[in-house]
Peer 1: 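The following block contains the structure, expressed as structure tokens.
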Amino acid sequence: MPLSIAIIGSGPAGFYTADALMRACPECEINFIERLPSPYGLIRGGVAPDHQTTKKVAKKYERTALMEHVDYYGNVELNRDVSLQEFSELYDAVVLAVGAPNDKKMTIPGSDKYGVVGSAAFVGWYNGHPDFRDLDPGLNIDTAAVIGNGNVAMDVARVLLRSPEGLAKSDVPDHVAARISASPIKDVYMYGRRGPVEAKFTNVELREIKNLNHTVPMVRAEQLPDDLGAAFGNLDSRDRRLRERNLKSLREYAAFTGEEKPKRLHFEFYASPVEILGGERVEGLRLEKTRVVDGRAEGTGETFDLACGLVVAAIGYRSDPIEGAPYDEARGIIPNKEGRVSEGLYAVGWIKRGPSGVISSNRPDGEIVAGFIHDDFPNGGGNKPGRAGLEKLLKERDVRWVSFADWQKLEAMELENAEGPAPRKKFVTIEEMLNALDG
Ligand code: NAP
């Protein structure tokens with residue numbers, strides 16, 4: 001019997017695992033289980049809509065999905081339609097590749113006000129993720145604050161400030177483009193609780209800001225150190241070069257006055273949010289000035305306020321516990337040894353190691369787990385029913401699954417419906433997708 005493997009989640013981590021498995025055991029039967037009708041996880045719902053080149057990696061994943069022993073079951077949710085226990089009974093191996101879809105919550109007073117949004121929700125909204133179709137971030141504002149100095153904070157700030165022409169070339173859904181384009185927003189303040197050399201955003205993303213049509217980057221020269229300082233002496237040369245490049249770009253930005261273009265992205269460092277101000281909706285943000293001691297941000301006790309109508313917290317993501325699997329509450333991951341969770345159960349990607357790294361960081365996760373699965377089943381599969389058993393169960397439960405061929409039909413419609421320079425017009429609800437398939 002060929003080995004049967006369920007990969008739960010069809011983002012990069014899931015696809016790199018399938019790809020490695022197809023090389024390690026070409027006869028294996030691989031079934032992707034995906035909560036949404038559409039595949040590709042963060043490639044579709046996380047990578048910024050104005051970064052279409054990055055999204056092209058989905059073409060590679062498509063080739064894996066179309067391989068002979070690979071099948072796709074979209075619109076099937078773990079522990080709603082089929083429990084983890086049931087997957088373990090149906091398949092020889094189960095790989096959890098469900099990512100970290102939730103926001104690390106900002107817990108300062110006032111975080112529940114209208115106008116405070118987490119980046120998972122905000123990014124999901126501008127990427128047309130069905131979970132966030134109806135988010136109302138309240139963009140009738142002139143000033144926004146973005147908390148965090150990672151690439152997600154940079155994405156959020158950039159998309160908020162994109163011109164209508166820039167948005168038209170992306171696959172931002174129409175209702176989102178309309179809201180952003182109609183917003184009177186002029187200033188976005190991006191706050192890092194540490195300094196410019198500790199910022200986690202990468203240099204390509206930082207340099208992209210000065211090329212925005214309507215936005216000029218602003219940096220206060222007095223916040224920039226002369227060099228990286230002794231604390232970075234131990235970094236490998238690649239990491240040091242990245243930080244040096246960031247410093248160089250920020251120095252260049254410090255020369256702008258703010259008058260060059262109608263909108264501004266202000267890079268602000270050494271400031272940690274302490275309170276959201278206002279009544280029912282956000283009217284401002286109180287921050288505490290910080291200094292960096294031994295690499296950590298330490299409050300100085302001195303605070304200042306920014307008047308703003310929107311606060312996006314881009315402070316990281318989190319995985320939820322999965323019923324039937326162990327959970328490390330402190331780290332927000334499934335405890336595992338290099339991807340092995342328990343007999344027949346494996347984890348890859350952000351649910352395995354937390355929300356860090358770039359798309360290709362998931363490749364080694366997949367390679368390692370594929371190797372484990374190959375080694376753990378030296379005699380091939382047992383007598384588990386695999387795909388036939390899953391389909392039987394889904395039919396009994398009246399679950400309407402979406403095959404990869406169905407997804408290809410949806411994708412063809414999205415490409416056909418694209419207007420002007422946009423690459424596609426996304427379906428933004430599950431209902432729309434199912435209705436389109438049902439004619
Ligand atoms: P990230 O890189 O870990 O950045 C999180 C930021 O939030 C950091 O600046 C962190 O500051 C700050 N932060 C955390 N808790 C905070 C708090 N309580 N108060 C204030 N600030 C706080 O995470 P991310 O931006 O969500 O990105 C996730 C991963 O996806 C990263 O590996 C990222 O590189 C990747 N990604 C890549 C791209 C790209 O390549 N273009 C695009 C998007 C995402 P400290 O550093 O002080 O902790």
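We number each residue from 1, following the sequence as shown. The figures that follow rest on heavy atoms only: side chains count, while hydrogens, waters and symmetry mates do not. Remember, it's 1-based here, ligands and their atoms both numbered in the order they're listed.
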Peer 1: Distance-only check: which donor-acceptor pairs under 3.5 Å involve side-chain atoms of residues 101-108, not counting sequence neighbours?
Peer 2:
{"unit_1": "N102", "atom_1": "ND2", "unit_2": "D320", "atom_2": "OD1", "d": "3.1"}
{"unit_1": "N102", "atom_1": "ND2", "unit_2": "D320", "atom_2": "OD2", "d": "3.1"}
{"unit_1": "D103", "atom_1": "OD1", "unit_2": "S119", "atom_2": "N", "d": "3.0"}
{"unit_1": "D103", "atom_1": "OD1", "unit_2": "A120", "atom_2": "N", "d": "2.7"}
{"unit_1": "D103", "atom_1": "OD2", "unit_2": "A120", "atom_2": "N", "d": "3.3"}
{"unit_1": "D103", "atom_1": "OD2", "unit_2": "A121", "atom_2": "N", "d": "3.4"}

Peer 1: Which of the listed options, R193, M190, R194, holds the heavy atom that is closest to atom 16 (C) of ligand 1?
Peer 2: R193

Peer 1: W407 vs Y72, test: ring-ring contact (aromatic ring centres under 6.0 Å, His included). Steps then yes/no.
Peer 2: CA-CA 9 Å; W407 157 247; Y72 175 81; 7.9 Å; no

Peer 1: Which heavy atom of the protein is the closest neighbour of atom 15 (N) of ligand 1, given with residue, atom name and distance?
Peer 2: K104 NZ, 2.8 Å

Peer 1: Output the list of atoms in ligand 1 that are nearer than 4.0 Å to some heavy atom of E205, sorted by atom number.
Peer 2: 39 (C), 41 (N)

Peer 1: Using heavy atoms and a 4.0 Å limit, tell me yes or no: is G192 in contact with ligand 1?
Peer 2: no

Peer 1: Would you mind running through ligand 1 and noting each atom that sits below 4.0 Å from a heavy atom of V152?
Peer 2: 24 (P), 25 (O), 26 (O), 27 (O), 43 (C), 44 (C)

Peer 1: Please identify which atoms of ligand 1 are closer than 4.0 Å to at least one heavy atom of P355.
Peer 2: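 Listed by number with element: 28 (C), 29 (C).
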
Peer 1: What protein heavy atom is closest to atom 2 (O) of ligand 1, reported as residue, atom name and distance in Å?
Peer 2: K200 CD, 3.6 Å

Peer 1: Of all the atoms in ligand 1, which lie at a distance below 4.0 Å from a heavy atom belonging to A314?
Peer 2: 5 (C), 6 (C), 7 (O)

Peer 1: Taking atom CD of Q408 as the centre, does the number of heavy atoms from other residues, nucleotides or ligands within less than 6.0 Å exceed 12?
Peer 2: yes

Peer 1: In the protein, which heavy atom is nearest to atom 9 (O) of ligand 1, and how far is it?
Peer 2: N149 N, 2.8 Å

Peer 1: Please determine whether a side-chain nitrogen of the Lys or Arg among R340 and D376 lies less than 4.0 Å from a carboxylate oxygen of the Asp or Glu.
Peer 2: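 So R340 pairs with D376 through a salt bridge.
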
Peer 1: Looking at ligand 1, does I147 have a heavy atom less than 4.0 Å from it?
Peer 2: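 Under 4.0 Å: yes for I147.
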
Peer 1: Got the closest protein heavy atom to atom 32 (O) of ligand 1, with its distance?
Peer 2: G357 N, 2.7 Å

Peer 1: Please could you name the atoms of ligand 1 that S356 approaches to less than 4.0 Å, counting only its heavy atoms?
Peer 2: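 The atoms of ligand 1 under 4.0 Å from a heavy atom of S356 are 32 (O).
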
Peer 1: Taking the inter-plane angle between the rings of F269 and F267 on a 0 to 90° scale, is it parallel (under 30°), tilted (30 to 60°) or perpendicular (over 60°)?
Peer 2: parallel

Peer 1: Run the contact test for R296 against ligand 1 with a 4.0 Å cut-off on heavy atoms, strictly below, and give the result.
Peer 2: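 The answer is no: ligand 1 sits nowhere under 4.0 Å from a heavy atom of R296.
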
Peer 1: Charged N to carboxylate O under 4.0 angstrom, E208 versus R158?
Peer 2: yes

Peer 1: In sequence, state the C-alpha distance, the side-chain angles, and the governing distance for F132 and F122, and then conclude on ring-ring contact (aromatic ring centres under 6.0 Å, His included).
Peer 2: CA-CA 8 Å; F132 305 104; F122 197 72; over 10 Å; no

Peer 1: Can you tell me which residue and heavy atom of the protein come closest to atom 4 (O) of ligand 1, and the distance to 0.1 Å?
Peer 2: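 It is G150 CA, 3.5 Å.
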
Peer 1: Got a list of side-chain donor-acceptor pairs under 3.5 Å for residues 142-150, not counting sequence neighbours?
Peer 2:
none

Peer 1: Could you find the nearest protein heavy atom to atom 34 (O) of ligand 1 and give me its residue, atom name and distance?
Peer 2: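 Closest protein heavy atom to atom 34 (O) of ligand 1: N151 ND2, 3.4 Å.
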
Peer 1: Strictly distance-based, threshold 3.5 Å: is any side-chain N or O of K60 a donor or acceptor partner for the main-chain N or O of F15?
Peer 2: no

Peer 1: Around atom CG of N140, are there more than 12 heavy atoms of other residues, nucleotides or ligands at under 6.0 Å?
Peer 2: no

Peer 1: Pick from R220, R193, R194: which one makes a salt bridge (Lys or Arg N to Asp or Glu O under 4.0 Å) with E268?
Peer 2: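 Among R220, R193, R194, the one that satisfies the salt bridge (Lys or Arg N to Asp or Glu O under 4.0 Å) with E268 is R220.
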
Peer 1: Which of the atoms of ligand 1 are close to D155, meaning less than 4.0 Å from one of its heavy atoms?
Peer 2: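 Heavy-atom distances to D155 below 4.0 Å select 42 (C), 43 (C).
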
Peer 1: Do me a favour and list the nearest non-hydrogen protein atom to atom 23 (O) of ligand 1 with residue, atom name and distance?
Peer 2: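 Protein heavy atom with the smallest distance to atom 23 (O) of ligand 1: G316 CA, 4.5 Å.
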
Peer 1: Could you find the nearest protein heavy atom to atom 22 (C) of ligand 1 and give me its residue, atom name and distance?
Peer 2: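 Answer for atom 22 (C) of ligand 1: I315 CG2, 3.5 Å.
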
